[in-house]
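All remarks here apply to the structure that follows.
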Amino acid sequence: MRQSRHLGRTLREVPKDAQTAAHGLMIRAGYIRQLSAGIYVYMPLLLRSLNKISQIIREEMTRAGSEEMLMPAIQNKELWEKTGRWERYTAIDGIMFSFQDRRGSTVCLGPTHEEVITEILRQEINSFKDLPKNVFQIQTKFRDEIRPRFGLMRAREFVMKDAYSFDLDEAGLDVSYEAMRLAYHTICERIGFHYRAVEADSGAIGGSGSQEFMVLADTGEDTIIYCDQCQYAANQERAASRLEQFTQDTEERPMEAVLGEGLIGVEPLAEFLGIPVWKTTKTLLFEADGNLVAVMVRGDCDVNEIKVANFLGGADVKLTAPERIKELTGAAVGYAGPIGLPDNVRIIADFDVDHRVNFECGANQTNYHNINVNFGRDLPLPEFSDFKLAQAGHQCPHCDGTLQAQRGIEVGHIFKLGTKYSEALKCVAPDGQGQQPPVVMGCYGIGVSRMAAACVEQNHDDRGMIWPIHVAPYHVHLLCLTPKDEAVVARCDALYQTLQDAGVEVLYDDRTARPGEKFSDADLIGLPIRLAISKRTLEQDCIEVKLRKDADNQMLSQEQTLALIQEQLG
RNA sequence: CGGGGUGUAGCUCAGUUUGGCAGAGCGCCUGGUUUGGGACCAGGAGGCCGUAGGUUCGAAUCCUAUCACCCCGACCA
């Protein structure tokens with residue numbers, strides 16, 4: 001492509017809307033233009049990268065036995081009502097765009113396609129012999145995100161690959177899931193990501209097992225918890241951890257309420273009371289689908305709200321408002337405790353709250369703290385489960401290692417869905433013996449446009465992008481540095497043709513700009529191989545070659561240049 | 001949804017407090033000098049000041065409404 005004809009000019013100044021370095025680079029380099037909040041135009045350079053990422057995904061999905069199809073973006077309300085998700089996605093979460101058509105029917109723009117594909121499979125499957133099936137599509141998805149962010153990273157309209165597997169039983173699902181898992185690893189490796197697969201929470205979509213594929217980047221919206229000794233890695237939403245255990249007092253002391261004014265936070269509290277922080281207890285009040293729940297965790301921990309929600313059967317869990325806390329506890333916020341709460345408050349506690357002798361907790365009275373509290377004597381045993389947020393520094397749940405934390409961008413997520421959708425939509429596989437069991441489903445998503453954003457996020461410097469060659473918009477950026485010199489132009493034109501004939505994708509900067517501007521634009525656009533030709537290189541009968549990721553350039557003959565390009569493409 | 005902020009030239013922003021000719025830098029166009037990391041000189045084009053209404057002799061500026069975008073929070077396959 002001749003750059004003089006290319007659409008997508010570069011900007012010298014960073015647009016004010018840029019929220020991350022990579023987001024700013026995408027705008028400055030002419031890859032994206034914003035149309036409205038979270039809605040972007042994919043300019044020619046970006047589209048080429050998206051197509052390459054899509055092609056890699058397409059090849060690996062096909063290789064793994066999935067078949068490509070394409071479903072409509074517009075879906076009808078009735079289908080979503082059958083699975084009970086209409087209300088959740090529109091009224092409660094408000095994430096789905098919906099509107100009325102000419103005839104007054106309510107329709108939506110698909111944020112995901114479980115309903116549609118399950119409905120289709122219901123029609124297509126007549127026997128257990130028709131299974132398994134696995135299909136995928138690469139398509140624009142619509143989600144009215146509450147807070148679009150970071151350009152393509154969290155957009156309201158975006159490109160997604162979604163795949164769905166249909167099996168006779170759990171064992172079949174395991175096979176399908178494993179094939180997808182391996183394909184996802186291959187896809188990430190081919191694109192060139194520095195990434196990690198982690199255990200994940202399956203969230204509102206439902207189901208049992210799930211893993212996320214996380215591209216490692218400090219600007220990622222998710223936190224990954226991983227072990228420094230074994231292979232354990234999980235999204236912080238899901239991660240388990242063990243806490244350091246301490247020697248307990250040998251005898252129980254009498255409980256008492258201690259006055260300690262204005263103590264904010266567990267450290268000052270522990271210091272004031274003369275006890276270790278691990279003896280303190282945080283009690284947080286939540287409303288779960290309207291029911292009150294008090295959650296206790298050890299003072300040196302935080303509550304993982306997702307674990308609480310899962311424990312309560314997928315309830316909508318929210319921290320209780322301060323005014324309500326005052327009503328319930330009779331104390332200012334910060335003094336809630338398990339003793340003396342109203343009867344309608346269900347008390348649940350993290351495992352590590354237990355097995356402590358003479359611990360502290362809030363007294364439900366402003367400025368008062370109960371010390372030397374003991375389960376069984378001062379209050380009944382609450383329901384125990386895992387409610388704490390795993391943090392760096394905690395111990396690994398599987399070995400003696402210490403957990404570490406790192407930020408990640410979720411580019412892929414694979415789920416074992418089970419029969420939630422097939423049951424709701426009656427997608428069954430007659431077994432020939434009179435039974436009609438629902439098919440067992442899996443679903444597998446990849447954020448295609450998010451992958452492009454993650455790629456830039458992970459590969460850039462202060463001057464611009466540094467694309468991995470297999471997803472770069474073009475392989476080579478050819479710069480004609482002296483566009484007024486006919487001999488130089490002729491040489492560039494010839495090389496441009498030669499490269500294209502050899503199957504090399506070239507962006508040819510034939511503009512009448514000064515060399516400095518061309519170098520800056522080349523750095524910004526970030527194509528992996530830069531070739532420069534000028535009067536100077538012509539005199540030496542060679543080409544100046546520079547890899548975007550390297551600091552130095554080299555003068556090579558045309559043969560050497562072609563060889564180097566082939567080597568890079570290999 | 002709650003709190004805050006911003007809408008003025010293609011981009012980044014002054015000007016609004018205290019009403020009085022519509023501004024700067026970058027970019028763009030023309031001519032000239034330059035020519036390997038966004039060069040210099042001279043000249044030029046370009047804005048219904050987000051939109052609608054109001055106050056006023058006079059509104060980018062004050063008032064009201066409204067729309068859009070951004071940030072923080074809540075929330076979020």
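FYI, side chains are in, hydrogens and waters are out, and symmetry mates aren't considered; it's all heavy atoms of this structure. A, B, ... follow the sequence lines: proteins, then strands. Residue 1 opens every chain. Quantities reported herein were computed from a predicted structural model and do not represent experimental measurements.
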- [ ] Please determine, for the side chain of A/Leu524, which listed nucleotide (B/C76, B/A74, B/G38) has the closest atom?
- [x] B/G38
Task: Counter-base of B/U61, judged by Watson-Crick or G-U geometry with both distances under 3.5 Å - done: none
TODO: Specify the residues of residues 510-517 of chain A, ordered by number, for which at least one heavy atom lies under 4.0 angstrom from an atom of RNA chain B.
DONE: A/Arg514, A/Pro515, A/Gly516, A/Glu517
Open item on the list: Under 4.0 Å, heavy atoms only, any strand: does A/Asp523 hit a base, just the sugar-phosphate, or nothing?
Closed with: base
- [ ] Looking at every strand, decide which applies to A/Gln34 at a 4.0 Å heavy-atom threshold: base, sugar-phosphate, or nothing.
- [x] sugar-phosphate
Open item on the list: Strictly by Watson-Crick or wobble contacts shorter than 3.5 Å, is anything paired with B/C76, and which nucleotide is it?
Closed with: none
TODO: Sort out the partner of B/A45 for me: Watson-Crick or G-U wobble, both distances under 3.5 Å, none otherwise.
DONE: none
Task: Span that lies between the P atom of B/G44 and that of B/G7, in whole angstrom - done: 30 Å
Open item on the list: Both A/Lys546 and A/Gln19 contact RNA chain B. Which one's nearest nucleotide lies toward the 5' end?
Closed with: A/Lys546
TODO: Between B/G73 and B/C28, how far apart are the C1' atoms? Round to whole Å, please.
DONE: 42 Å
TODO: Quickly work out the A/Asn304 CG to B/C76 P distance and round it to whole Å.
DONE: 12 Å
- [ ] State which of B/G27, B/C76, B/C69 makes the closest approach to the side chain of A/Arg12.
- [x] B/G27
Task: A/Arg450 CZ - B/C76 C1' separation (whole Å) - done: 10 Å
- [ ] Take A/Tyr444 and A/Leu481, find for each the nucleotide of RNA chain B with the closest heavy atom, and name the residue whose nucleotide sits nearer the 5' end.
- [x] A/Leu481
TODO: Would you kindly give the CG-to-P distance between A/Asp552 and B/G36, to the nearest whole Å?
DONE: 20 Å
TODO: Please state how far atom OH in A/Tyr40 lies from atom C1' in B/C70, giving the value in whole angstrom units.
DONE: 11 Å
TODO: Measure the distance from CD on A/Glu237 to C1' on B/C76 and round it to the nearest whole Å.
DONE: 9 Å
TODO: Answer with base, sugar-phosphate or nothing: what part of the nucleic acid does A/Lys484 contact at a heavy-atom distance below 4.0 Å?
DONE: base
Task: Between B/A65 and B/A24 - P atom distance, rounded Å - done: 35 Å
Open item on the list: What is the separation between atom CZ on A/Phe142 and atom C1' on B/C76, rounded to the nearest whole Å?
Closed with: 19 Å
Task: Under 3.5 Å on both distances, the Watson-Crick or G-U partner of B/A39 - done: B/U33
Task: Same-atom distance (C1') from B/A22 to B/A60, integer angstrom - done: 9 Å
Task: Proximal nucleotide (of B/C76, B/G36, B/C75) relative to the A/Glu305 side chain - done: B/C75
TODO: Grab the CG-P distance between A/Leu319 and B/C75 for me, whole Å please.
DONE: 7 Å
Open item on the list: Between B/G15 and B/A9, how many Å separate the two C1' atoms, rounded to a whole number?
Closed with: 14 Å
Task: A/Phe286 vs A/Val303 side-chain heavy atoms within contact, under 4.5 Å - done: yes
Open item on the list: For A/Asp218, I'd like to know if atom CG has over 12 heavy atoms of other residues, nucleotides or ligands within 6.0 Å.
Closed with: no
TODO: Tell which nucleotide pairs with B/U66, taking only Watson-Crick or G-U wobble pairs whose two distances are both under 3.5 angstrom.
DONE: B/G50
Open item on the list: Rounding to an integer number of angstrom, what distance separates B/C26 and B/G38 when you compare their C1' atoms?
Closed with: 11 Å
- [ ] Could you tell me whether the side chains of A/Glu237 and A/Asn304 share a donor-acceptor contact shorter than 3.5 Å?
- [x] no
- [ ] Give the rounded distance in Å between these two atoms: CG of A/Asp144 and P of B/C75.
- [x] 18 Å
Task: A/Glu212 with A/Arg238: basic N within carboxylate O range, under 4.0 Å - done: no
- [ ] Take atom P in B/A14 and the same atom in B/A52, then report the distance between them in whole Å.
- [x] 24 Å
TODO: Indicate yes or no: does A/Lys82 engage A/Glu115 in a salt bridge with an N to O separation below 4.0 Å.
DONE: no
Open item on the list: Would the base of B/G37 count as contacting A/Arg530 through its side chain, where contact means a donor and an acceptor less than 3.5 Å apart?
Closed with: yes
Task: Ion pair check, A/Arg5 and A/Asp510, cut-off under 4.0 Å - done: no
- [ ] Verify the distance criterion only: is there a donor paired with an acceptor across the side chains of A/Glu423 and A/Thr419 at less than 3.5 Å?
- [x] yes
Task: B/G10 - base-pair partner by Watson-Crick or wobble geometry, distances under 3.5 Å - done: B/C26
Open item on the list: So that I can tick it off, tell me whether A/Asp302 and A/Lys282 are bridged by a salt bridge, with the cut-off set at under 4.0 angstrom between side-chain N and carboxylate O.
Closed with: yes
Task: A/His477: which of A/Gln3, A/Arg530, A/Arg548 passes side-chain hydrogen bond (donor to acceptor under 3.5 Å, both in side chains) - done: A/Gln3
Task: Distance in Å, A/Gln34 CD paired with A/Leu152 CG, rounded so as to fall on 0.5 Å steps - done: 10.5 Å
Open item on the list: Check whether A/Phe166 forms a cation-pi arrangement with A/Lys133 (NZ or CZ under 6.0 Å from the six-membered ring centre, at most 45° off the ring normal).
Closed with: no
Task: Contact check, side chains of A/Asp386 and A/Phe311, non-hydrogen atoms, under 4.5 Å - done: no
TODO: Using the P atom on both, measure B/C11 against B/U16 and round to a whole Å.
DONE: 23 Å
TODO: Summarise how protein sits on nucleotides 4-14 of chain B as a single string, 5' to 3': B when a protein heavy atom is under 4.0 Å from the base, S for sugar-phosphate-only contact, - for no contact.
DONE: ------SBSS-
Open item on the list: Given B/C69, B/G36, B/G38, identify the nucleotide with an atom nearest to the side chain of A/Ser534.
Closed with: B/G36
